[in-house]
Number of protein chains: 2
Amino acid sequence: MSRVRVLLADDEHLIRGALAALLGLEDDLEVVAEAASGPEALAMARAHRPDVAVLDLEMPGADGVTVATKLRAELPSCRTMIVTSHGRPGHLKRALSAGVRGFVPKTVSAQRLAEIIRSVHAGNRYVDPELAADAISAGDSPLTVREAEVLGFAADGAPVAEIAERAALSQGTVRNYLSSAAAKLGAENRHTAVRLARERGWV
Amino acid sequence: MSRVRVLLADDEHLIRGALAALLGLEDDLEVVAEAASGPEALAMARAHRPDVAVLDLEMPGADGVTVATKLRAELPSCRTMIVTSHGRPGHLKRALSAGVRGFVPKTVSAQRLAEIIRSVHAGNRYVDPELAADAISAGDSPLTVREAEVLGFAADGAPVAEIAERAALSQGTVRNYLSSAAAKLGAENRHTAVRLARERGWV
DNA sequence: CACCGGCCATGACAAATGTCAGGAGAGGAC
DNA sequence: GTCCTCTCCTGACATTTGTCATGGCCGGTG
């Protein structure tokens with residue numbers, strides 16, 4: 001029986017290395033490649049064609065979901081899964097619609113992760129129950145595409161003029177969008193709106 | 001020769017477990033206790049009296065620096081070190097003044113971490129060069145105590161009225177403090193000021 | 001003591017932001 | 001075709017901020 005070929009992508013060397021060592025102990029798993037950034041993960045995947053790609057959500061260059069999306073197009077045979085410390089509901093949704101088949105927080109044990117990798121490789125899907133519950137209770141984003149976009153530009157505290165420029169919209173329009181977005185989120189100003197949207201993973 | 005007794009505290013089971021396994025392979029190190037939260041780390045330290053405590057910076061209950069401070073008082077023989085993913089300059093400063101003897105990002109390898117643990121146990125201090133450079137170039141916080149406090153209350157996007165209430169100050173005073181803080185940080189409004197102060201670990 | 005800096009406040013003005021009403025075009029649903 | 005929603009805009013208004021000048025009260029330094 002051939003072993004499951006795994007790609008490991010995480011910018012924290014400590015975790016990646018440790019994980020590689022632990023997963024390597026399982027005799028049906030084999031870590032064939034490691035990467036510390038999004039682009040590197042893609043390159044490694046192309047070179048080594050793993051069966052399962054275990055991707056960290058927050059990485060320099062490109063986040064896990066972006067990598068997963070590209071992998072799905074380039075290497076359809078490769079199953080992808082996301083591992084993350086901060087499980088925002090929106091991220092989970094985004095990940096699932098990108099074709100990700102596993103979504104786990106870093107609070108699970110290596111043993112458990114190994115099991116999940118096997119399960120994903122077998123064609124199953126796995127989502128951490130806790131995160132799933134959060135996602136369901138948080139519901140869908142009530143924001144329209146533009147509202148979310150404008151809110152994203154407002155995320156770093158930029159003034160309206162700058163947001164308008166970046167979004168190529170008039171200042172009035174920007175203010176209207178921000179206002180309606182804040183209203184939908186129950187926030188009293190755009191800054192708390194940004195915070196709320198962030199927490200739910202809607203930006 | 002007796003082995004170095006290590007306490008490992010990190011809320012991410014994946015990392016903690018993997019790390020425990022890897023460090024356990026070194027024949028002069030021995031992981032005698034693990035914890036997933038600040039309070040638990042303290043309890044474990046009291047029970048097992050480790051030589052070195054390796055603490056994650058962001059943990060539920062109490063952060064790594066807080067735990068280190070308490071450990072220093074309760075268990076002076078125990079050296080403490082901090083491991084973190086986000087190395088904000090301010091955190092480093094806070095950690096050092098709490099008596100922490102090692103400060104490393106999670107991007108180092110387990111091998112390297114083992115060496116550093118040994119070095120710290122031997123009485124040396126170790127700070128990641130990259131983080132040290134950041135801390136030096138970032139310099140000290142230019143903010144006065146009140147400015148930092150008010151900026152902290154402003155962190156979640158609350159309006160001035162609310163900040164004033166929480167800080168028990170007049171609205172005018174709050175605006176003055178926010179204004180001067182933003183000026184010192186080179187920000188054009190308090191929200192970007194909050195972001196900058198956060199990045200530098202000054203809030 | 002005189003001086004300076006941090007702390008707290010007031011008042012007033014300018015600028016940024018939030019809110020509302022209203023309208024036009026584009027596209028999907030029925 | 002009609003209805004609806006999203007998109008984008010304008011203009012006007014109220015409110016919230018940011019900024020500045022000014023002053024009083026401390027505590028420490030020279």
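These numbers come from a predicted model, not from an experiment. Note on naming: letters A, B, ... go to the chains in the order of the sequence lines (proteins, then strands), and numbering restarts at 1 for each one.
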Any donor-acceptor pair under 3.5 Å from B:Ser97 side chain to B:Lys93 backbone: yes

Axis bend over the full length of the helix from C:dC1-D:dG30 to C:dC30-D:dG1, computed from five pairs that close each end, to 10 degrees: 30°

Donor-acceptor under 3.5 Å (A:Arg16 side chain, A:Asp10 main chain): yes

Base versus backbone protein contacts along nucleotides 15-23 of chain D [heavy-atom cut-off under 4.0 Å; B, S, -]: --BBBB---

N/O (side chain, A:Tyr177) to phosphate O (OP1/OP2, D:dC8) under 4.0 Å: yes

C:dG5 phosphate, OP1 or OP2, under 4.0 Å from B:Thr144 side-chain N/O: no

Touch class at under 4.0 angstrom, heavy-atom based, for A:Thr173 against every strand present: base

Polar side-chain atom of A:Asp63 near backbone of A:Thr66 as donor-acceptor pair, under 3.5 Å: yes

Check: A:Glu40 side chain, A:Ala36 main-chain N or O, donor-acceptor pair, under 3.5 Å: yes

Flag for B:Asn176-B:Thr173: side-chain donor and acceptor within less than 3.5 Å: no

Donor-acceptor pair, side chain of A:Asp51 and main chain of A:Arg79, under 3.5 angstrom: no

Length of the line joining A:Ile163:CD1 and C:dT17:P, which is rounded to integer Å: 7 Å

Student check: side-chain heavy atoms of A:Leu22 and A:Leu113 closer than 4.5 Å: no

Pair listing, ring-ring contact (aromatic ring centres under 6.0 Å, His included) test, anchored in residues 146-167 of chain B, at least two apart: none

